[in-house]
Amino acid sequence: MQIKTELERLIRQACENSGIDAGEIRVAEATKAEFGDYQFNGAMPLAKKLGQNPRQIATRIVEALPENEILERVEIAGPGFVNLHLSPGWIARQVEACAFDPRLGVGTRSEPRRVVVDYSSPNMAKEMHVGHLRSTIIGDALANLLGFLGDEVIRQNHIGDWGTQFGMLIAYLEELGEGAEGSLQDLEEFYKAAKKRFDEDEAFAHKAREYVVKLQGGDVRCLHLWQDFIDKSLGHCEEVYSKLHVRLTREDVRAESSYNDDLPAIVADLEAKGLLQTSEGAKVVFVPGEETPLIIQKSDGGYLYATTDLAAIRFRVSQLGAKRISYVVDARQAGHFRQVFAVARMAGYAPEDVRLEHVSFGMMLDKNGRPFKTREGGTVKLIELLEEATRRARKAITQKEAYGPEELEKIAEIVGIGAVKYADLSINRESNYIFDWDRMLSLEGNTSLYQQYAYARIRSIFRKHGSEAEPAPVILEEEPERRLGLKLLQLEEVLQAAAQDAMPHYITSYLYDLATLFMKFYERCPILRSDVPEERRRSRLVLAHATAATLRLALEILGIKVLERL
RNA sequence: GCGUCCGUGGCUCAGCUGGAUAGAGCAUCUGAUUGCGGUUCAGAAGGUCGCAGGUUCGAAUCCUGCCGGACGUACCA
């Protein structure tokens, strides 16, 4: 149930009833408590359009509002703002209806769409580093979210497993022979060592180049070595995914190389459609409004990632039936995707009813606003970053209570990983973000720990109470109760907006509001104290239960776990 | 040079499909609470929303110019 949608329906009906041609009706959350819960600001522009007094328009609309149980009071203020006050009784009944529903009242799409979310996409030649963190976290959250709302989500891990560097790597792998297993433990070192050999030894370099040709020619032995290498490298990624509690599996891998056979066909097809031109020896497509063309085939005959991306779009639309394809890739590639999408449209690979979107995100910076690097200036390995998160979380929580070593480890991991993910998801993905351990592991402010703490605190109420909440009439007499109840009902509209805009931070903002409102409610409205009347206690237990359930559900969608005790 | 994005209290961020006195958190200061987990709650202080114009009844939000920053600018991915 989306309150906003319900209210918009009412206003639209009122406009129809009073013969006002209103066009699109938009209701917004009120900017201040004194202005009610929601507000309709459309009377002013409407007045201008109709050449009438805005207050009169507002009055006509308000008087024509159909009978309903949602609104308790409507008032017109200022030049023509329509302030909507919701009925506490209505809110209470909605909370009762949602609180014990596994989906908390959130509906699912009546006609599911097929959606492809392309994220993580590590390069197999190297170890995953912080550059892959945001894509992996944001992409996974988005995939979870769309799936929860009823889309058929297809996760695609478009791993980089093809290209000239693999000739070098498998040549080195072969050279090491049996002992190679150990060397692959650290891909970064392996890559460096191979590169060193390549640069220093001409014979090796020659062999590496030969291997590229053989590999592309389908040489069985080379393919075998290559496959072996990819398997190992993918194993590293999976270790990271598992640590990150990210749902990507081997099933989701659709490697770059899997499109190899399609590439000549793409070129031929673009040619046949008259889109391809030759420019400076390369085969390109010029996109109207773009200065430089999209290069489809290099002058030496090689293909580029644009070609692969086009093949991928074609595959995803025609074979997977995608109606929305979301690329969770950093902002630097905006230009690339703009062009690839344009060409995909021109070539008909993605008809107009398929939504192509670049879910772009900014860079990860250190505390001083510089690109995130190790102290020595190298790239930070993701696995090490995650280990540090757990280590720091352990340190942050040990001072509190005594845990068994196993429990401590489990808690530290959930808290540490949660902090890293939440910190990333809680800011507008478009901007660069500053990675600061101290802030993300703080218990105060908009952090995962604050949410996890709120959750654990509620769970502790039920432990103390001795049983779980049971359905009961909800009473919203006090302001903190009413505000909490209303916030609980806003879950669906927040999730929908976050899904529509691919903006996970809408959800974290909501959670922060919710947790804060709960703390205030808890402060003002005792639950278990002996002087609380039974029916109030039962009502408040329902509110507490619904809050915990909302926190857990939304955090789960974001890929963050909660704990019964902290 | 051209293009894209970004400039909001000391710091980190919301708000940007134009709406009422620009919101949080951290840090700072004050108070409540002998605590149903006070790591909470209440309050104070702190802002020419980069600058200058423009559009509008109304601009942080839209338009133009400028300043500052990041990124991108054809055969890497």
Side-chain angles (χ1 to χ4, degrees), chain A residues 24 26 28 30-32 34-35 39 41-45 47-48 54 77-81 83 121 123 125 158 160 162-165 256 279-284 286 289-306 308-309 329-336 338-339 360 362-363 365 367 369 371 396-397 399-401 423 426-428 430-434 436 438-440 442-447 449-450 453-454 456-465 480 505-506 508-509 512-513 516 519-524 526-530 532 537 540 544 565-566:
Chain A
E24 198 193 2
R26 295 191 79 102
T31 49
K32 279 184 196 308
E34 56 190 287
F35 300 150
Q39 56 181 219
N41 301 330
M44 279 89 75
K48 183 185 287 183
F81 297 105
N83 294 338
S121 308
N123 188 327
H158 189 79
W162 205 245
T164 48
Q165 73 258 55
E256 263 188 308
S279 171
E280 297 177 26
K283 294 192 175 165
V284 307
F286 279 93
E290 297 281 341
E291 264 188 58
T292 56
L294 186 69
I295 301 182
I296 306 296
Q297 191 171 19
K298 297 194 282 185
S299 43
D300 69 1
Y303 302 103
L304 291 121
Y305 79 135
T308 309
D309 276 343
V329 181
D330 79 87
R332 287 175 301 195
Q333 298 193 38
H336 165 74
R338 208 173 49 235
Q339 290 195 318
S360 81
M363 293 200 298
L365 306 173
K367 235 179 182 169
I397 58 178
Q399 37 213 350
K400 320 236 157 66
E401 262 178 67
S426 62
I427 64 148
N428 187 331
E430 304 265 17
S431 40
N432 292 341
Y433 104 102
I434 298 193
D436 180 347
D438 294 332
R439 196 173 326 117
M440 77 175 72
S442 167
L443 190 51
E444 287 156 28
N446 190 7
T447 64
L449 205 41
Y450 183 76
Y453 176 71
R457 205 173 173 195
I458 295 171
R459 295 307 305 153
S460 125
I461 295 169
F462 288 106
R463 277 197 298 276
K464 186 140 199 157
H465 180 56
H505 81 282
Y506 294 177
T508 59
S509 289
Y512 184 56
D513 286 347
T516 305
M519 293 297 187
K520 288 178 187 175
F521 154 79
Y522 196 42
E523 185 75 16
R524 286 266 307 277
I527 299 176
L528 299 181
R529 226 163 61 186
S530 57
V532 178
R537 174 175 308 153
R540 287 173 182 171
R565 55 179 92 225
L566 232 168

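Chain letters run A, B, ... following the sequence lines, proteins first, then strands; residues in each count from 1.
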- Query: Checking all strands, does E430(A) fall into the base, sugar-phosphate, or nothing category for heavy-atom contacts under 4.0 angstrom?
  - Reply: nothing
- Task: Record whether the side chain of R26(A) comes under 3.5 Å of the base of U17(B) through a donor-acceptor pair of N or O atoms.
- Result: yes
- Which of G23(B), A70(B), U40(B) is nearest the side chain of M519(A)? It is U40(B)
- May I ask which nucleotide in the shown strands pairs with C26(B), Watson-Crick or G-U wobble, both distances under 3.5 Å? G10(B)
- Task: Tell me what D300(A) touches on the nucleic acid: a base, only sugar-phosphate, or nothing, going by heavy atoms under 4.0 Å.
- Result: nothing
- Base-pairing mate for A52(B) - Watson-Crick or G-U, with both contacts under 3.5 Å: U64(B)
- Query: Can a side chain N or O of S460(A) be found less than 4.0 Å away from OP1 or OP2 on G37(B)?
  - Reply: yes
- Result for 5'-nearest mapping on RNA chain B, choosing between K367(A) and R338(A), is R338(A)
- Query: Who does A59(B) pair with, Watson-Crick or G-U, both distances under 3.5 Å?
  - Reply: none
- Heavy atoms under 4.0 Å, any strand shown: does N83(A) hit a base, just sugar-phosphate, or nothing? base
- Are the ring of F81(A) and the six-membered base ring of G19(B) within the stacking cut-offs of under 5.5 Å and under 30°? no
- Task: Please work out if K32(A) contacts a base, only the sugar-phosphate, or nothing of the nucleic acid, heavy-atom cut-off 4.0 Å.
- Result: sugar-phosphate
- Message: Looking only at the side chain of L304(A) (C-beta and beyond, no hydrogens), which of the listed nucleotides C76(B), C57(B), A20(B) gets closest?
- Response: C76(B)
- Please determine, for A70(B), whether a Watson-Crick or G-U wobble partner exists with both distances under 3.5 Å, and give it or none. U4(B)
- Task: Using a 4.0 Å heavy-atom cut-off across all strands, classify A28(A) as base, sugar-phosphate, or nothing.
- Result: nothing
- Message: Mind checking if A282(A) touches a base, just sugar-phosphate, or nothing, with heavy atoms under 4.0 Å?
- Response: base
- Message: Can you see if the side chain of H336(A) gets near the phosphate of C76(B) - specifically, an N or O under 4.0 Å from OP1 or OP2?
- Response: no
- Query: Applying a 3.5 Å limit to both distances, which nucleotide forms a Watson-Crick or G-U wobble pair with G37(B)?
  - Reply: none
- Message: Looking at A20(B) and F35(A): do their rings stack (centroid distance under 5.5 Å, interplanar angle under 30°)?
- Response: yes
